[in-house]
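One structure below.
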Amino acid sequence: MRKTVAVLATLSFLAIAPPPAQAHGGHDYSLRNAGPRDLRIGSAVAGGGHHVDQPYPDPFPNDKPYRKVLAREFSSLSPENQMKWEFIHPERHRYNFGPADDIVKFAQRNGQVVRGHTLLWHSQNPAWLNEGTFTKAELRQILKSHILTVVGHYRGKIHQWDVANEILDGNGAYRQENIFIRELGPGIVADAFRWAHQADPRAQLFLNDYGVDWPGAKVDAYEALAKELLAARVPLHGFASQAHLSMRYGAPDQLGAVLQRFDDLGLKTAITELDVRMDLPESGVPTAEQLQTQARYYKTVLDACLSVDDCNSFTVWGATDKYSWVPVFFPAEGAATIMWEDFTRKPAYFTLRDTLRAAR
Ligand code: XIL
């Protein structure tokens, strides 16, 4: 009898209790806990890059409300600039790990993983590298030692590395602006993956690029490259679309099919830098219709990720318009993220959360 009462008491408690807290601090209604458990929801962590010229202090270390949003909403963080060569390796014989270390520590405290970005890229390289004169052997050694040092420094702490970033152009040719590819040839890509794997055997190693949201020459070239690397037993684990989108060009309704081609090769896939920019009206404030269209684009990308088996990471490039790179790089376009400057949420945020919930 007493037992029965106890059971009933337990049951009635369950009936009135709020839904059980999800993992990581019980942020029940945040993006990070809305969706399937094996899908990480990420954001870029603002700092460095274009922020240096803006009239505010470096965002991540200084903006407490912003840090709260990052902790509450996301289960993955991507340093926006803090692991790029110019930032983390400013002089030939000096590394600057402090700011990226702070992000990694913050992530660990908050039950988040980190995406490392990036190791082999044509942009945001330090002057000492761009303007130095090196023999081919020296340049190869510089890349090798950078990758071993940086990936080794974060060994065991990085979920996924964007090893090769934007290495192909719109026609699918190797980008000659990339100093390592130009000087050492495209074979250096395989070496970069091998070195990264050597330094952190557990990190998932990715190819990452924009302009791969629709089928075409660039996607064909990445598919061929992925096959070639896999056939040579290079430790390539994933293919990612950055997904920097503009409402000028239509929603990426074939992205799921693109991701499926890489999933079919046995690779993981990811969305790594999603934002959806729009032409702002004169008022600077998007119309209700624009916000609905933007929400639909965000949903199209999330649906694409959800439609393939191994898309395990979905990251937006900036949680808030307050720190978005878009107005700085694309004149007349803006409002590209899922939150306003005061962190209130746009329709795109709610659409993402509803879509994640429905996919649980
Ligand atoms: C951008 C950053 O958001 C800016 O702060 C910086 O000034 C320039 O780079 N593709 C990438 C990202 O892989 O690293 C870029 O980030 C956006 C395009």
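Values in this document were obtained by computation on a predicted structure and should not be read as measured data. Counting starts at 1 for both ligands and their atoms, in listed order.
Protein residues having a heavy atom under 4.0 Å from any atom of ligand 1 are Gly49, His50, Glu80, Asn81, Lys84, His117, Trp121, Gln124, Asn165, Glu166, Gln242, His244, Glu273, Trp317, Trp325, Phe329, listed by chain and number.
Here the side chains of Asp309 and Gln260 are not in contact, with every heavy-atom distance at 4.5 Å or above.
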(request) For side chain to side chain contact (heavy atoms under 4.5 Å, CB included), just list the numbers for Arg115 and Leu77, CA-CA rounded to whole Å, side-chain angles, deciding distance to a tenth of an Å, and then say yes or no. (result) CA-CA 6 Å; Arg115 295 195 82 263; Leu77 298 179; over 6 Å; no
(message) Using side chain to side chain contact (heavy atoms under 4.5 Å, CB included), reason through Ile188 and Tyr174 one step at a time and then give a plain yes or no.
(response) CA-CA 11 Å; Ile188 197 64; Tyr174 283 97; over 6 Å; no
(request) Step by step, work out the side chain to side chain contact (heavy atoms under 4.5 Å, CB included) result for His122 and Ile181. (result) CA-CA 9 Å; His122 64 276; Ile181 290 175; over 6 Å; no
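In summary, Asp200 and Lys157 do not engage in a salt bridge, as defined by a charged side-chain N under 4.0 Å from a carboxylate O.
No cation-pi contact links Arg345 to Phe350, judged by a cut-off of 6.0 Å to the six-membered ring centre and 45° from its axis.
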